[in-house]
Amino acid sequence: MKYTSSHWGSYQFEPGGPLMPLASDPDPSRIGRGWASASQDRQSRILRPAIRQGWLDGDKGRNRCGDSYVEVSWERAISLAAGALGDTVEAHGNGAVFGGSYGWSSAGRFHHAQSQMRRFLNLAGGCVSSRDTYSHAAAEVLFPHILGLSNKAFQDQMTAMPLVAEHCELLLAVGGISRRTAQITSSGTTTHEVGPWLEQMRAKGTRIIELSPARGDGATEWLSIRPGTDTACLLALAYEIHAAGLADEAFLARYTSGWETFRDYLTGAADGTPKTAEWAASICDLDAQVIRDLARDLAASKSMIAVAWGLQRAEYGEQPLWAGLALASIIGQIGQPGTGYAFGYGSTTPVGRATRLIPWPSMPQGRNPVDDYIPVARIADMLLNPGGAYKYDGETRTYPDIKLIWWTGGNPFHHHQDLNRLDEAWTRPETVIVNDHSWTATARRADIVLPATAPLEREDILMNRRDPTLLWMSRYHAPVGDALDDHEIFARLSRQMGFGDAFTEGRDTEGWFDWLWESSQEVAKMHGFALPDLNSFRAEGRFDIPDAAETRIALGDFVADPEAHALATESGRITLANEWIGALGLPSCPGHPTWMEPTECLTRAQPDELHLVSGQPDTRLHSQNDRGSEALADKIKGREAASFHPDTAAALGLVAGDMVRLYNERGACLAGVRLNDGLRRDCVFLPTGAWFDPQIVNGARLEVHGNPNALTRDVGCSELSQGNTAHSCLVRAEKWTGGVPDLTIDTPPVKAS
């Protein structure tokens, strides 16, 4: 039996047979059913190195979006890529190079595209990099100030799901908990336990209340809140608990700072507006008595306030995170088994996983000599506004002037917002180089395209510090076309540029596997167990960590002894009002949790506007596997399906299977119509990840495949974190009665003659 792994699960197979989920996985992902077909689709795979014709003609990017390509030899492609990088550095310095490798390219420890690219560019003199993630940038910047922990550290100590199942009586899922998003995890996974965990809680009688515009598959009760108004609801819950005399004043006094300031805001002493249930009801479109009853139930029960990652991908995204933490502090059950505050249950599968954390080694990247960076979601701003000033985490910074982008193992034309704006920005650099295995929208906008192998075409090792199993990942099928591993591509480039020995350290791929495994054996030894030799592991294919179970309680040590385990905040405690943030004077992020009406929100919408909810799809990971059988079978007339409440569809003259045009001032896209009575009537749900396919139809630009980021707004969620705002978006909808344009993304770009 052979094994392999991905970000949506692990699989076993016999040579020549189908991929099958691990027998030990209690709730396998749907995504994997389309993996092999996507990997072997020669129409979407990059078969040979290719150079954009306009770049060869010296257009410096003007025709980058929609040009044709010339296939060349690997020798020619390596020479051109190395020459372009060298010329850029010579003319402008390494600060004019942007190393973009944001994406989930491989679950394997060695063939991690970001590590390989950063190692190469660091040896080449460095590059401008990015910070934070599209997934949860607001948390990454905010949590160190209010919790004294990085988001990574807080995720690691998240209260274990078994403890929640055992002790929690009421779980308030702000933003929802769903099997759909719980299919995935960065760095790979061998098990999916969120679905079984929710089933266990329901069987026990736990109330799982979902505060979300869409009904998920895990809750026992659904409160259909207006999207973007969660902060108002959380503030009202906090107010009602305080007003009823149910706040845990002892907890607030011992474990928090800024309570008096925040309390004055809640009660209206600071601004004249008490944050009552009646105040929130009209904002959130919830009944005031429902809010008031929920507040009392939270205070009277063993309660967990669980906030989803997606909630903060919105304008003022820090606020619901902070308000949720404040509510949990007022209830006073933080640091206890199964209750308190959580971030990310169900957003990916391992959050709250009850297993030991093992810090496995990874490919060394070296040091980046360039210390300049941008917040990850501000790439279009950087390209359109070189030299422009912006604020980030208390600093005023300046955007660099980028002449060359090198992108590996990711697809910004999936995860970025306002892709029409990014299209314009993408023409500004002189050169764009992309390593990828498929003709994504990003590869189709590169000047030099280097075909990389897909994960199923190579061997590797699954080692995720939050997973109890190690797997030897065997090759499932031979490389398609002339694809090379990223390591081999960068090794050839390094030799071309004169630092090949420094990049490889004299090792080939097998040598690096030996190095990784020997380093892993040392780590295992420090954690009290032994790994077999590499040949034995390779032959067996699987190693399960002994005594892997371990439960944790978020902030448990701090609550047990707040002096010995003081938090790394300005007060050493949870900050409900943060003086440092307040002193920044940012209108977009005050010094305590605050309700601010988003620019695009149903509270200020026109009667014909809908709120666009663009979530993780069920059939693929972001844009990965979009050309696979599972994703293709889920489309309508080849387009992504947009879900409407049946009443909304009827009012628009739509029936299931129709085509609909979604549009706003930023763009328009086509989608199929699907009906869902578990969705608010004033919302439309369109999953992310359909490969971006803009065309001119009837004289106007139209994205014809159903990509919601043709519509979303590209602004920072605040001047504190500059995270993305994908979920603050209003659109209109109309039935599409014209012909359905042919897709261009389902065939390779036209080659120049």
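FYI, the numbering just counts along the sequence from 1.
Atom CG of L470 sits about 9.0 Å away from atom CZ of R109, to the nearest 0.5 Å. How far CG of L294 is from CG of L223: 6.5 Å, rounded to the nearest 0.5 Å. Between the OG1 atom of T712 and the CG atom of N724 there is a distance of 8.0 Å, given to the nearest 0.5 Å. In this structure, CD1 on I331 lies 10.0 Å from CG on D248, to the nearest 0.5 angstrom. Atoms NE2 and OG, on H167 and S303 in that order, are 14.0 Å from each other to the nearest 0.5 Å. Between the OG1 atom of T348 and the CD atom of Q616 there is a distance of 10.5 Å, given to the nearest 0.5 Å.
Here the closest heavy-atom approach between residue Q312 and residue G317 is recorded as CB-O, 3.1 Å. Across G148 and T569, no two heavy atoms sit closer than the pair N-CG2, 3.1 Å. Nearest heavy atom pair, residue A554 against residue I334, reads O-CG2, 4.5 Å. Between S571 and S257 the shortest heavy-atom distance is OG-OG, 2.8 Å. Of all heavy-atom pairs spanning A139 and N151, the tightest one is CB-OD1, 4.0 Å. For P546 against F529, the heavy-atom pair with the smallest separation is CG-CB, 3.6 Å.
Side-chain contact between L211 and C233: present, with at least one pair of heavy atoms (C-beta onward) separated by less than 4.5 Å. Two residues are said to be in side-chain contact when any heavy atoms from C-beta on lie closer than 4.5 Å; R356 and I545 meet this criterion. Between Y239 and Y265 the shortest side-chain heavy-atom distance does not fall below 4.5 Å. Taking the side chain as every heavy atom from C-beta outward, P26 and T191 approach each other to under 4.5 Å. P375 is not listed as a side-chain neighbour of S721, based on a closest heavy-atom distance of 4.5 Å or more. At least one side-chain heavy atom of E193 sits less than 4.5 Å from a side-chain heavy atom of M161. Side-chain contact between T355 and D467 is absent, with no heavy-atom pair separated by less than 4.5 Å. Side-chain atoms of I146 and E318, non-hydrogen and from C-beta on, never get closer than 4.5 Å to each other.
Between the side chains of S10 and T190, no donor-acceptor pair is found at a separation under 3.5 Å. For S588 and S718, the side-chain atoms include no donor-acceptor pair closer than 3.5 Å. Between the side chains of D27 and Q183, no donor-acceptor pair is found at a separation under 3.5 Å. Of the N and O atoms on the side chains of T133 and E140, at least one donor lies less than 3.5 Å from an acceptor on the other residue. Between E597 and T603, the side chains place a donor N or O and an acceptor N or O closer than 3.5 Å (distance only, hydrogens not considered). A donor and an acceptor atom, one from each side chain of D132 and Y102, are nowhere located under 3.5 Å apart.
Aromatic ring centres of H242 and W259: separated by under 6.0 Å.
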Exercise answer: donor-acceptor pairs, residues 573-585 side-chain atoms, under 3.5 Å, sequence neighbours excluded:
{"from": "R573", "atom 1": "NH1", "to": "A253", "atom 2": "O", "distance (Å)": "2.9"}
{"from": "R573", "atom 1": "NH1", "to": "T256", "atom 2": "O", "distance (Å)": "3.2"}
{"from": "T575", "atom 1": "OG1", "to": "H145", "atom 2": "O", "distance (Å)": "3.4"}
{"from": "T575", "atom 1": "OG1", "to": "N578", "atom 2": "ND2", "distance (Å)": "3.3"}
{"from": "N578", "atom 1": "OD1", "to": "W580", "atom 2": "N", "distance (Å)": "3.1"}
{"from": "N578", "atom 1": "OD1", "to": "I581", "atom 2": "N", "distance (Å)": "2.8"}
{"from": "N578", "atom 1": "ND2", "to": "H145", "atom 2": "O", "distance (Å)": "3.0"}

Expected list for residues 337-347: side-chain donor-acceptor pairs under 3.5 angstrom, two or more places apart:
{"from": "T339", "atom 1": "OG1", "to": "Q333", "atom 2": "O", "distance (Å)": "2.8"}
{"from": "Y341", "atom 1": "OH", "to": "L321", "atom 2": "O", "distance (Å)": "2.8"}
{"from": "Y345", "atom 1": "OH", "to": "T159", "atom 2": "O", "distance (Å)": "2.6"}
{"from": "S347", "atom 1": "OG", "to": "W309", "atom 2": "N", "distance (Å)": "3.1"}

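Ion pairing between D677 and R215 holds under the 4.0 Å rule for side-chain N and carboxylate O. Contact check on D271 versus K275 returns a salt bridge, with a Lys/Arg side-chain nitrogen under 4.0 Å from an Asp/Glu carboxylate oxygen. In this structure, D297 pairs ionically with R207, as a charged nitrogen and a carboxylate oxygen lie closer than 4.0 Å. Using a 4.0 Å cut-off between charged nitrogen and carboxylate oxygen, R552 and D156 do not count as a salt-bridge pair. The residues R254 and E249 are annotated as not salt-bridged, no charged nitrogen and carboxylate oxygen being separated by less than 4.0 angstrom. A salt bridge is absent between R296 and E240: the closest approach of a Lys/Arg side-chain nitrogen to an acidic carboxylate oxygen does not fall below 4.0 angstrom. The existence of a salt bridge linking D217 and R180 is excluded, since no basic side-chain nitrogen approaches an acidic carboxylate oxygen closer than 4.0 Å.
Scored by the side-chain contact (heavy atoms from CB on, under 4.5 Å) test, P144 finds no partners at all (sequence neighbours excluded). Among residues two or more places apart in sequence or in another chain, the side-chain contact (heavy atoms from CB on, under 4.5 Å) test is passed with A153 by L149, S150.
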**OP:** Given side-chain contact (heavy atoms from CB on, under 4.5 Å), test D618 with R30 step by step and report yes or no.
**Re:** CA-CA 7 Å; D618 195 32; R30 176 183 179 185; 2.7 Å; yes

**OP:** Please assess R353 against T189 for the test side-chain hydrogen bond (donor to acceptor under 3.5 Å, both in side chains), listing each intermediate value before the final yes or no.
**Re:** CA-CA 11 Å; R353 178 178 281 170; T189 186; 2.9 Å; yes

**OP:** Assess whether ring-ring contact (aromatic ring centres under 6.0 Å, His included) is satisfied between H622 and W104, documenting all intermediate values.
**Re:** CA-CA 9 Å; H622 305 314; W104 293 25; 5.5 Å; yes

Subject >> Audit row: Q319, C589, side-chain contact (heavy atoms from CB on, under 4.5 Å) steps and yes/no >> reply: CA-CA 8 Å; Q319 302 311 310; C589 190; 3.7 Å; yes

Original post:
Can you check side-chain contact (heavy atoms from CB on, under 4.5 Å) on Y134 and Q417, steps first, answer last?
Top reply: CA-CA 10 Å; Y134 281 82; Q417 282 63 62; 3.9 Å; yes

**OP:** Determine, stepwise, if the pair H727 / S614 fulfils side-chain contact (heavy atoms from CB on, under 4.5 Å).
**Re:** CA-CA 7 Å; H727 295 316; S614 51; 3.9 Å; yes

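With T206 contributing its side chain and R202 its backbone, the two residues share no donor-acceptor pair below 3.5 Å. Side-chain atoms of T220 come within 3.5 Å of backbone atoms of I208 as a donor-acceptor pair (strictly under, hydrogens ignored). Formation of a donor-acceptor pair under 3.5 Å by the R226 side chain with backbone atoms of H611 is not found in this model. Between the side chain of E221 and the main chain of E210, no donor-acceptor pair closer than 3.5 Å is present.
For D544, the CG atom counts as densely surrounded, since its 6.0 Å shell holds more than 12 non-hydrogen atoms of other residues, nucleotides or ligands.
Every pair passing ring-ring contact (aromatic ring centres under 6.0 Å, His included) that includes a residue from residues 550-574 is listed here, sequence neighbours excluded: Y255-F558. Sorted by first and then second residue, the salt bridge (Lys or Arg N to Asp or Glu O under 4.0 Å) pairs involving residues 304-316 (not counting sequence neighbours) are E315-R713.
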